[in-house]
Protein chains: 2
Amino acid sequence: MRHKKTSVGNVTVLERLRASGLRPTRQRLALAKLLFARGHRHASAEQLFNEAKTHRIEVSLATVYNALHDFTAKGLLREISIDSGGSYFDTNTSYHHHFYFERSGHLEDIAADRIAIAALPDAPGGAEISRVDVIIRVNG
Amino acid sequence: MRHKKTSVGNVTVLERLRASGLRPTRQRLALAKLLFARGHRHASAEQLFNEAKTHRIEVSLATVYNALHDFTAKGLLREISIDSGGSYFDTNTSYHHHFYFERSGHLEDIAADRIAIAALPDAPGGAEISRVDVIIRVNG
DNA sequence: GTTATATTTTAGAACCATTCTAATCTTATT
DNA sequence: AATAAGATTAGAATGGTTCTAAAATATAAC
Ligand SMILES: [Mn+2]
Ligand SMILES: [Mn+2]
Ligand SMILES: [Zn+2]
Ligand SMILES: [Zn+2]
């Protein structure tokens, strides 16, 4: 295995970017690989930026933000704000909820069917519901 | 009515501050009056600061933040973060939920009994649930 | 009331996540 | 290869919030 131009992960990620209409640039590919390589995760911009550094991926912080927002706009990520000092980007874009560990800042998924919301009220003034977030804060 | 050292509102607010163990300073009294004078509201620090200005209440922005956090710590307010650029302070401290109007940034209360959460999952690792927030985002 | 002590207020600096700018570079198209 | 559209970048700027340390005030002790 001397050259590994395209690993399985690479191809998958490249296809996801192309399918969403985003140009698969070196930076986006590298960041997407970091984000989507393993199971679902909740990453901050700073986290991803540092991870890139660790992997010797040269990418600016602005590009990390650009990529995260581009991915979010294309539905590859979902942005979550818990406290007013930063947001997380969730690789799990299906409908689900979260435990938020206040001490550590860690987020943990709650499958949608584990929280049954009976009788969701209609939005006032005929507004359209765009999203429902349930956040369970725990001391942990 | 030449002097009005204590109006009914003043007394109530003063008592609330004393009861919570906060010294009823001129600034806290004025801010608390603005916050609690009428029905429930969701105020940002900037909003409250400008409101104070309008009412010719001389108070620094740092004091507004200090007061909001002190009130929150004593249970007179509840802090709500929706997006990562600022938080709201809710004068309604009873258990309830929110509509969030994404266009305007407006928050509207949803009475607790209008959202029936069946089967709230236990927190992982025996952690204790400190709060459950349901935020319904609407395009409005 | 006066004094002493603890708490609060304040202006402005600092902080930190995020966004902007505009120049440079890369990708896709022809 | 030439072109045009899109992306990246360093660094400045922004905006909400917190910090600092000095001055002011509230409460407690006398
Ligand atoms: Mn964002
Ligand atoms: Mn806060
Ligand atoms: Zn999630
Ligand atoms: Zn509310």
Side-chain angles (χ1 to χ4, degrees), chain A residues 5-6 10 13-32 34 42-53 56-74 76-77 79-89 105 107, chain B residues 5-6 10 13-32 34 42-53 56-74 76-77 79-89 105 107:
Chain A
K5 281 181 183 165
T6 55
N10 266 332
V13 161
L14 192 140
E15 281 165 0
R16 287 191 77 175
L17 290 184
R18 276 205 211 289
S20 70
L22 291 170
R23 288 189 182 180
T25 63
R26 191 159 22 84
Q27 291 86 343
R28 283 181 179 154
L29 276 168
L31 294 173
L34 290 178
H42 307 96
S44 71
E46 196 70 23
Q47 273 167 24
L48 185 59
F49 181 58
N50 288 329
E51 213 166 311
K53 267 188 197 151
R56 306 269 147 54
I57 296 163
E58 286 192 14
V59 66
S60 72
L61 182 56
T63 295
V64 170
Y65 277 103
N66 288 342
L68 287 171
H69 285 135
D70 292 344
F71 293 175
T72 300
K74 298 299 186 181
L76 270 43
L77 292 174
E79 189 171 356
I80 301 175
S81 293
I82 302 281
D83 58 31
S84 60
S87 54
Y88 294 94
F89 294 85
L107 277 178
Chain B
K5 282 182 184 165
T6 55
N10 266 334
V13 161
L14 192 140
E15 279 166 2
R16 286 192 78 175
L17 290 185
R18 276 206 212 289
S20 69
L22 291 170
R23 288 188 181 180
T25 63
R26 191 159 22 83
Q27 293 85 344
R28 283 180 180 155
L29 277 168
L31 294 173
L34 290 179
H42 306 96
S44 70
E46 195 69 22
Q47 274 167 24
L48 184 59
F49 181 59
N50 288 328
E51 214 166 310
K53 268 188 196 153
R56 305 271 147 54
I57 297 163
E58 287 192 13
V59 65
S60 71
L61 181 57
T63 296
V64 171
Y65 276 103
N66 288 343
L68 288 171
H69 285 136
D70 292 344
F71 293 175
T72 300
K74 297 300 186 181
L76 270 41
L77 292 174
E79 188 172 358
I80 301 175
S81 294
I82 302 280
D83 58 32
S84 59
S87 55
Y88 294 94
F89 294 86
L107 276 178

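Basis for what follows: all heavy atoms, side chains included, without hydrogens, waters or symmetry-related copies. So that the names make sense, note that chain A is the first sequence line, chain B the second, and so on, each numbered from 1.
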TODO: Mind checking the OG1-CD1 spacing from A/Thr72 to A/Ile80? Nearest 0.5 Å is all I need.
DONE: 10.0 Å
Open item on the list: Nearest 0.5 angstrom please: B/Leu48 CG to B/Leu68 CG, how far?
Closed with: 5.5 Å
- [ ] Could I get the full list of salt bridge (charged side-chain N to carboxylate O under 4.0 Å, His left out) partners for A/Glu79, not counting sequence neighbours?
- [x] none
Task: Nearest heavy atoms of A/Gln27 and A/Glu58, plus distance in Å - done: CG-O, 4.4 Å
Task: DNA chain C contacts among residues 19-28 of chain A, heavy-atom distance under 4.0 Å - done: A/Arg23, A/Pro24
TODO: List the atom of A/Ala45, the atom of A/Val64, and the distance in Å for their closest heavy-atom pair.
DONE: O-CG1, 3.6 Å
TODO: Enumerate the residue pairs fulfilling salt bridge (charged side-chain N to carboxylate O under 4.0 Å, His left out) with a member in residues 62-71 of chain B, sequence neighbours excluded, ordered by first and then second residue.
DONE: B/Arg28-B/Asp70
- [ ] Give the rounded distance in Å between these two atoms: CG of A/Asp83 and P of D/dT17.
- [x] 11 Å
Open item on the list: So for the helix from C/dG1-D/dC30 to C/dT30-D/dA1, with five pairs setting each end axis, what is the inter-axis angle to 10°?
Closed with: 30°
Open item on the list: If I take atom CG in residue A/Leu68 and atom P in nucleotide D/dA7, what distance separates them, rounded to the nearest angstrom?
Closed with: 15 Å
Task: Closest non-hydrogen atom pair between B/Leu29 and B/Pro24, with its separation - done: CD1-O, 3.7 Å
TODO: Calculate the interatomic distance between A/Leu17 atom CG and D/dG6 atom P; express it in whole Å.
DONE: 17 Å
Task: Whole-Å gap separating P (D/dG16) and CG (B/Leu48) - done: 15 Å
Open item on the list: Taking 4.0 Å as the cut-off, does a side-chain nitrogen or oxygen of B/His69 come that near to OP1 or OP2 on D/dT18?
Closed with: yes
- [ ] May I ask you to list the residues of residues 56-63 of chain A, by number, that have any heavy atom positioned under 4.0 Å from an atom of DNA chain D?
- [x] A/Glu58, A/Val59, A/Ser60, A/Ala62, A/Thr63
TODO: Measure the shortest side-chain to side-chain distance between A/Thr25 and A/Thr63 over non-hydrogen atoms and say whether it is less than 4.5 angstrom.
DONE: no
TODO: Please report the shortest heavy-atom distance between B/Gln47 and B/Ala43, naming the atom on each side.
DONE: OE1-CA, 3.4 Å
- [ ] Specify the closest pair of heavy atoms between A/Phe49 and A/Ser60, including all atoms of both residues, with the distance to one decimal.
- [x] CE1-C, 3.8 Å
Task: Spacing of A/Arg18 atom CZ and A/Arg23 atom CZ [to the nearest 0.5 Å] - done: 10.5 Å
Task: Atom-to-atom span, CG of A/Leu29 to C1' of D/dG6 - whole angstrom - done: 15 Å
Task: Spatial distance of atom OG (B/Ser84) from atom OH (A/Tyr88) [nearest 0.5 Å] - done: 11.5 Å
TODO: Could you grab the distance from atom CZ of A/Arg16 to atom NZ of A/Lys74, nearest 0.5 Å is fine?
DONE: 14.0 Å
Task: Interatomic spacing from CD in A/Glu51 to CG in A/Leu31 - rounded to 0.5 Å - done: 9.5 Å
Open item on the list: OP1 or OP2 of D/dT17 versus the side-chain N and O atoms of B/Tyr65: is any pair under 4.0 Å?
Closed with: yes
Task: Atom pair distance, as rounded to whole Å: CD in B/Glu46 and P in D/dT14 - done: 16 Å
Open item on the list: Counting the atoms with a prime plus P, OP1 and OP2 as sugar-phosphate, which does B/Ser44 contact under 4.0 Å by heavy atoms, base, sugar-phosphate, or nothing?
Closed with: nothing
Task: Touch class at under 4.0 angstrom, heavy-atom based, for B/Asn66 against every strand present - done: base
Open item on the list: What is the first contacted nucleotide of DNA chain C and what is the last, in 5' to 3' order, if contact means an atom lying under 4.0 angstrom from a heavy atom of chain B?
Closed with: C/dA6 to C/dA11
